[in-house]
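What follows is a short report on a single structure.
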Amino acid sequence: MTNRPVHVLVDGYSYFEAPRWHDGRLWVSDFYTRQVLAISLDGTAETVVNVPGQPSGLGWLPDGTLLVVSMRDHRVLRLDGDALVEHADLSAFAGGHSNDLVVDGEGRAYVGHYGFDLDALAPMRATNLVRVDPDGSVTAAAADLMFPNGLVITPEGTLIVAETAAARLTAFDIEADGALSGRRVWAAFGDPPETDDTAAEFARYAMDRSTVAPDGIALDAEGAVWAADALHHRVVRVREGGEVLEEISGGEYGVYACALGGPDGRTLFLCAAPTFAEAQASVDHRARILTCRVDVPRAGRP
């Protein structure tokens with residue numbers, strides 16, 4: 001465990017996900033207050049937009065237009081002035097809530113889904129990663145992913161997705177037309193699920209600290225990935241192949257997503273909360289953003 005000083009940037013929210021450093025501020029979705037926030041480094045928070053369908057992944061088109069995943073109604077929305085309009089309907093491809101998103105340099109968005117009803121601990125199901133083209137058309141980009149979660153795109157054009165329910169990071173090459181090819185395991189942190197029993201499988205992962213259940217992820221300039229470990233109150237820095245290079249604790253709080261940013265790209269932002277469960281998180285409002293300084297700056301997208 002690395003002993004880096006960790007500071008609280010903001011607290012008193014429900015449950016943060018999808019942190020992004022953009023235009024000098026940290027942008028983040030707060031699930032259960034249904035708002036997208038932009039937070040300055042002095043802790044000043046501005047509500048950018050409210051998303052009744054529960055916001056998650058955030059990204060920007062090449063012209064600077066904000067895209068946000070509306071989780072419960074399976075849509076990607078576009079902020080047009082002060083109003084949200086539908087950019088894409090994902091419902092034909094969705095299993096469970098829609099989730100995180102990353103936008104490439106051509107304006108194509110790659111979006112994941114839970115695959116099953118996590119809140120009800122329904123049986124695990126594999127699901128799709130979908131591609132939304134700039135015109136809003138939707139294509140299944142990859143299948144048979146186990147809870148595709150955080151996504152990054154490297155400067156070389158590799159898409160890396162966290163498969164939370166399979167304890168691994170999976171990589172694809174992005175072709176010129178946006179298709180994904182060359183699927184491979186980028187890093188494996190444990191055995192894949194042995195059954196479809198969601199509670200049992202996550203309990204098995206939680207009992208073994210050598211297993212990482214990667215949630216949100218961030219890429220640095222050395223090609224390493226910071227991965228929030230949803231089950232062990234930490235974020236880990238890992239290189240391709242699975243070697244864990246560093247670990248930072250969230251203390252008593254779970255760490256569910258992370259981003260690199262700040263003026264020099266060396267501030268690591270952690271989305272931390274006591275729980276992801278809506279019944280408790282939507283009432284307690286104890287979620288916070290933690291920060292710490294790291295050695296290697298951000299790279300790639302988002």
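Along the sequence shown, the residues carry numbers beginning at 1.
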Seminar exercise, completed: CZ (Arg4) and CD (Glu246) are apart, to the nearest 0.5 Å, by 4.0 Å

Exercise. Is there a donor in the side chain of Glu17 and an acceptor in the side chain of Ser56, or the other way round, less than 3.5 Å apart?
Worked result: no

Problem set entry | Side-chain heavy-atom pair Pro193, Met124 within 4.5 angstrom cut-off | yes

Exercise. Side-chain contact, heavy-atom cut-off 4.5 Å: Asp197 with Pro123?
Worked result: no

Exercise. Does CG in Asp82 sit with more than 12 non-hydrogen atoms of other residues, nucleotides or ligands closer than 6.0 Å?
Worked result: no

Exercise. Between Arg20 and Asp100, is there a side-chain N and carboxylate O pair less than 4.0 Å apart?
Worked result: yes

Exercise. Between Glu247 and Arg237, is there a side-chain N and carboxylate O pair less than 4.0 Å apart?
Worked result: no

For this session: May I ask you to say whether Asp191 pairs ionically with Arg168, meaning some side-chain N is under 4.0 Å from a carboxylate O?
Result: no

Exercise. Roughly how far apart are His97 NE2 and Asp119 CG, rounded to 0.5 Å?
Worked result: 5.5 Å

For this session: Run the salt-bridge test on Arg78 and Asp80 with the 4.0 Å N-O cut-off and return the result as yes or no.
Result: no

Problem set entry | Trp186 six-ring face occupied by Arg184 cation (under 6.0 Å, within 45°) | no

Under 3.5 Å, which donor-acceptor pairs link side chains of residues 253-261 to any protein atom two or more places apart or in another chain?
from: Tyr253; atom 1: OH; to: Arg286; atom 2: O; distance (Å): 3.4

Exercise. Can a salt bridge be assigned to the pair Arg72 and Glu278 using a cut-off of 4.0 Å between side-chain N and carboxylate O?
Worked result: yes

Exercise. Can a salt bridge be assigned to the pair Arg239 and Glu222 using a cut-off of 4.0 Å between side-chain N and carboxylate O?
Worked result: no

Exercise. How are the rings of Phe16 and Tyr13 set relative to one another: parallel (under 30°), tilted (30 to 60°) or perpendicular (over 60°)?
Worked result: tilted

Problem set entry | Min side-chain heavy-atom separation Val130-Ser98 under 4.5 Å | no

Problem set entry | Check: Phe116 and Thr198 side chains under 4.5 Å, non-hydrogen atoms | yes

Exercise. Step by step, would you call Val69 with His113 a side-chain contact (heavy atoms from CB on, under 4.5 Å)?
Worked result: CA-CA 10 Å; Val69 171; His113 309 274; over 6 Å; no

Exercise. Would you say the side chains of Arg183 and Thr170 form a donor-acceptor pair under 3.5 Å?
Worked result: no

Problem set entry | Aromatic ring pairing His22/Trp27, orientation class (parallel under 30°, perpendicular over 60°, tilted between) | perpendicular

Exercise. Sequence neighbours excluded, which residues qualify as side chain to side chain contact (heavy atoms under 4.5 Å, CB included) partners of His233?
Worked result: none

Seminar exercise, completed: Between Leu77 and the options Val51, Leu66, Leu67, Val85, the side-chain contact (heavy atoms from CB on, under 4.5 Å) test singles out Val51

For this session: Calculate, to the nearest 0.5 Å, the distance between atoms OG1 and CZ belonging to Thr139 and Arg108 respectively.
Result: 11.0 Å

Exercise. Would Ile248 and Trp226 count as a side-chain contact (heavy atoms from CB on, under 4.5 Å) if you check the C-alpha gap in whole Å, the side-chain angles of each, and the deciding distance to 0.1 Å?
Worked result: CA-CA 10 Å; Ile248 298 170; Trp226 286 98; 3.7 Å; yes

Problem set entry | Polar side chain donor-acceptor pair, Thr158 to Glu156, under 3.5 angstrom | no

Exercise. Rounded to the nearest 0.5 Å, how far does CD of Gln54 lie from OG of Ser14?
Worked result: 8.0 Å

Exercise. Is there side-chain contact between Ile289 and Leu26, with at least one heavy-atom pair below 4.5 Å?
Worked result: yes

Exercise. Please walk me through it: do Leu101 and Leu58 pass side-chain contact (heavy atoms from CB on, under 4.5 Å)?
Worked result: CA-CA 6 Å; Leu101 162 154; Leu58 305 173; 5.7 Å; no

Exercise. Mind checking whether Trp21 and Phe269 have parallel, tilted or perpendicular rings, split at 30° and 60°?
Worked result: parallel

Problem set entry | Under-4.0 Å salt bridge between Asp133 and Arg131 | yes

Problem set entry | Steps toward side-chain contact (heavy atoms from CB on, under 4.5 Å) verdict (Leu245, Val238) | CA-CA 5 Å; Leu245 304 172; Val238 60; over 6 Å; no

Exercise. What distance separates Tyr15 OH from Cys271 SG, expressed to the nearest 0.5 Å?
Worked result: 8.0 Å

Exercise. Under 3.5 Å, is there a donor-acceptor pair linking the side chains of Glu175 and Ser181?
Worked result: yes

